[in-house]
Amino acid sequence: MQQYRLLRNNIESGPYSFEELVRLQLKAYDLVWSEGKSASWKYPCEFEELVAYAPVAEDDLYSTVHHHENSSWPRSQLGTYTRKYVSVILPAREITSGATDEGVFSANVTESLESQLSHQNHSEKQGNRIYIAGALILLLSFGIYFGTSGKRSQQKNNESRDNIVPEMASMVANMPGNNNSDNNLFTIPPNPVLEFASLKRHLTIVKSDYSVGLFGGISGLKLSVTNTSAKPLQDVVVAIDFIQKNQVIHHTENLLIGSIQPSQTITIAVPESKYGVAIRTRIIGINGLGTVIEY
């Protein structure tokens with residue numbers, strides 16, 4: 001159902017249905033707004049459905065009156081005419097005041113709004129400065145706190161470390177079976193695995209060219225073993241793995257070198273094999289450490 005709003009004597013009312021609006025006895029200079037259809041307020045006679053229920057409004061009341069004043073009609077028949085001002089109010093969009101002399105009211109409103117906006121902007125800027133200053137002070141406080149906390153923590157760690165070392169030395173010295181006269185010193189038992197790995201770093205193996213048979217088998221292979229350490233090495237055991245085409249080890253040959261002096265290179269011949277198409281060499285024993293091999 002179509003709804004209408006009525007603006008009479010600068011007072012807006014409604015919404016009304018068509019029947020309710022007609023019962024209000026529309027006047028020529030009432031203003032009507034049709035919900036969903038109107039783009040501006042109009043006189044009732046400008047609506048097709050309201051033409052039969054409202055008087056016709058002159059397009060220009062002043063021109064009509066002025067025209068009659070200049071006519072030859074007697075003034076007694078013209079009656080008294082006064083100029084009217086109409087204030088147009090759009091629903092929920094803007095509010096306009098009645099006519100004022102020389103626009104004084106509009107100027108005062110503009111100056112008041114500008115003053116309020118200026119004061120608001122100044123207050124916002126001042127508030128922002130306070131927030132920024134507070135944030136900087138807070139960050140500085142956090143920095144000082146964590147800086148001093150870090151120093152105290154580091155100092156405590158250093159003190160704890162200094163206290164732990166003497167305590168550990170004292171515990172080791174007081175262990176059962178420790179007959180060391182110097183309680184501040186203690187010995188670590190030897191580790192054969194670590195010792196063997198340390199010695200093995202000083203041995204290098206270089207393979208010579210060798211021949212591979214048509215159906216497998218290796219011949220003509222020689223190995224050059226060099227001691228790069230500053231001490232002689234005894235009972236060096238070199239393992240040679242003979243590898244088949246399927247990457248599986250067929251068998252392993254172990255060769256023993258009795259002694260290798262510092263910076264010395266010893267070349268040994270590897271016995272021929274009827275199996276294998278490739279070889280891999282490994283150091284598995286030095287100074288009686290590593291894999292135990294009996295010969």
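Computed from a prediction, not measured in an experiment: that's the story for all the values here.
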Quiz item: Can you tell if the side chain of Asp30 reaches within under 4.5 Å of the side chain of Leu6, non-hydrogen atoms only?
Solution: yes

Sidechain-backbone polar pair: [X] side chain, [Y] backbone, donor-acceptor under 3.5 Å:
| X | Y | result |
| --- | --- | --- |
| Ser141 | Ile137 | yes |
| Asn227 | Ile260 | yes |
| Asn9 | Ile11 | no |

Quiz prompt | Modelled atom types, side-chain donor and acceptor of Ser34 and Gln2, under 3.5 Å | solution = yes

Practice problem: Examine the side chains of Gln261 and Ser259 and answer whether a donor and an acceptor come within less than 3.5 Å of each other. | Solution: yes

Which atoms form the tightest heavy-atom contact between [X] and [Y], and what is the distance?
| X | Y | value |
| --- | --- | --- |
| Tyr210 | Ser219 | CB-O, 3.4 Å |
| Ile284 | Phe196 | C-CZ, 3.7 Å |
| Ser229 | Pro262 | O-CB, 3.3 Å |
| Ser208 | Gly220 | OG-O, 3.8 Å |
| Trp41 | Arg5 | CZ3-O, 3.5 Å |
| Lys222 | Thr267 | CB-CG2, 4.2 Å |

Would you tabulate the side-chain donor-acceptor contacts of residues 274-281 under 3.5 Å, counting partners in other chains and residues two or more places apart, or write 'none'?
unit_1	atom_1	unit_2	atom_2	d
Arg280	NE	Asp241	OD2	3.2
Arg280	NH2	Asp241	OD2	3.0

Exercise. First locate atom CZ of Arg23, then atom CZ of Phe18, and finally report the distance between them rounded to the nearest 0.5 Å.
Key: 11.0 Å

Practice problem: Please round to the nearest 0.5 Å and tell me the distance separating atom OG of Ser40 and atom CH2 of Trp33. | Solution: 6.5 Å

Exercise. Give the cluster check for Ile240 versus Leu203: same hydrophobic cluster or not, with ILVMFWY residues linked at side-chain heavy-atom distances below 4.5 Å.
Key: yes

Practice problem: Decide if the gap between the ring center of His251 and the ring center of Phe242 is smaller than 6.0 angstrom. | Solution: yes

